[in-house]
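Predicted model only: the values in this text are computed from it and were never measured. Every number for a ligand or one of its atoms is a count from 1 in the order of the listing.
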Amino acid sequence: MDMADKSAMQMDIALQVVVLGVALGLMWVLWGGGVPRALARMTGPSRTKIESRAHFVKGAQLLARSRSAKPSLSESLAGEAADEAERAIALNSTDAACHILKGLALERQGHMVAALNSLDTALSPRVVKSLAKTEQSDALFKRAEIRLGGDAKKRHVDAAIADLEAAVALNEKNEKALCLLGTCYEKKGMNVEARRAFQEALKAEPQLIEAKAGLERLS
Ligand SMILES: *[C@@H]1O[C@H](CO)[C@@H](O)[C@H](O)[C@H]1NC(C)=O
């Protein structure tokens with residue numbers, strides 16, 4: 001598994017955790033009987049919330065399936081995941097998790113500019129409030145990763161560094177962010193900062209091969 005796949009998987013797990021709380025609530029509603037009835041009786045905000053969450057959960061499941069599907073199926077499943085995210089957003093545009101889901105699904109289809117736009121929306125002041133600090137940190141890491149995925153122009157590296165520094169400020173144990181930050185500093189010839197970032201990454205996760213390799217290169 002390469003690094004991108006691995007971090008995609010970790011992001012996926014983070015997302016699944018977000019989903020789980022919602023899913024358990026939904027399951028109670030869905031399997032406890034009486035969904036259509038309960039839903040039909042509900043009106044206004046609570047109904048919108050449940051419908052939006054249902055699209056989100058379905059989208060997250062489709063994205064997970066897309067990741068394990070064979071290439072021929074993977075892209076269309078990611079497309080369906082993006083559609084579900086879109087429906088969730090139409091019902092509630094201030095839920096950051098839905099924008100992140102959409103971004104991940106678009107990334108999976110290779111639509112990097114659109115993916116970046118979704119992450120930008122998720123991280124915009126009005127929307128980002130709905131995320132916990134560690135989730136915000138993960139979203140910033142993801143945006144940095146997408147920025148660096150394209151051509152590694154200098155301004156992209158600078159923007160990625162800004163995201164990663166913010167990610168670490170929100171969660172000093174975000175070892176993926178620390179490690180990528182080290183790599184970015186290294187690219188800019190900021191070896192002192194790079195070494196420090198790799199060391200911090202190893203403090204958070206002693207087995208991190210990327211960070212060990214980084215320190216090796218800089219020694
Ligand atoms: C929209 O999502 C946010 C964040 O999860 C939540 O706080 C808010 O209550 C939701 N609004 C509606 C109408 O569902």
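- When each atom of ligand 1 is checked for a heavy atom of Arg53 under 4.0 Å away, the hits are 5 (O).
- Under the 4.5 Å side-chain heavy-atom criterion for grouping Ile, Leu, Val, Met, Phe, Trp and Tyr, Ile89 is not connected to Ile100 through any hydrophobic cluster.
- Side chain of Ser74 to backbone of Pro71: no donor-acceptor contact under 3.5 angstrom is found.
- Side-chain contact check for Leu170 versus Thr134: every heavy-atom pair is 4.5 Å or farther apart.
- Taking all heavy atoms of Ile89, Asp95, Asn92 into account, the minimum distance to atom 6 (C) of ligand 1 is reached by Asn92.
- A cation-pi geometry, defined here as NZ or CZ lying under 6.0 Å from the six-membered ring centre and within 45° of its normal, does not hold between Arg195 and Phe198.
- Residue Lys49 has at least one N or O atom closer than 3.5 Å to an N or O atom of ligand 1.
- Ligand 1 places these atoms under 4.0 Å from at least one heavy atom of Thr94: 1 (C).
- The nearest heavy-atom contact from the protein to atom 4 (C) of ligand 1 is Ser130 CB, 3.4 Å.
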- [ ] For salt bridge (charged side-chain N to carboxylate O under 4.0 Å, His left out), just list the numbers for Lys188 and Glu193, CA-CA rounded to whole Å, side-chain angles, deciding distance to a tenth of an Å, and then say yes or no.
- [x] CA-CA 10 Å; Lys188 290 182 61 104; Glu193 289 82 353; over 6 Å; no

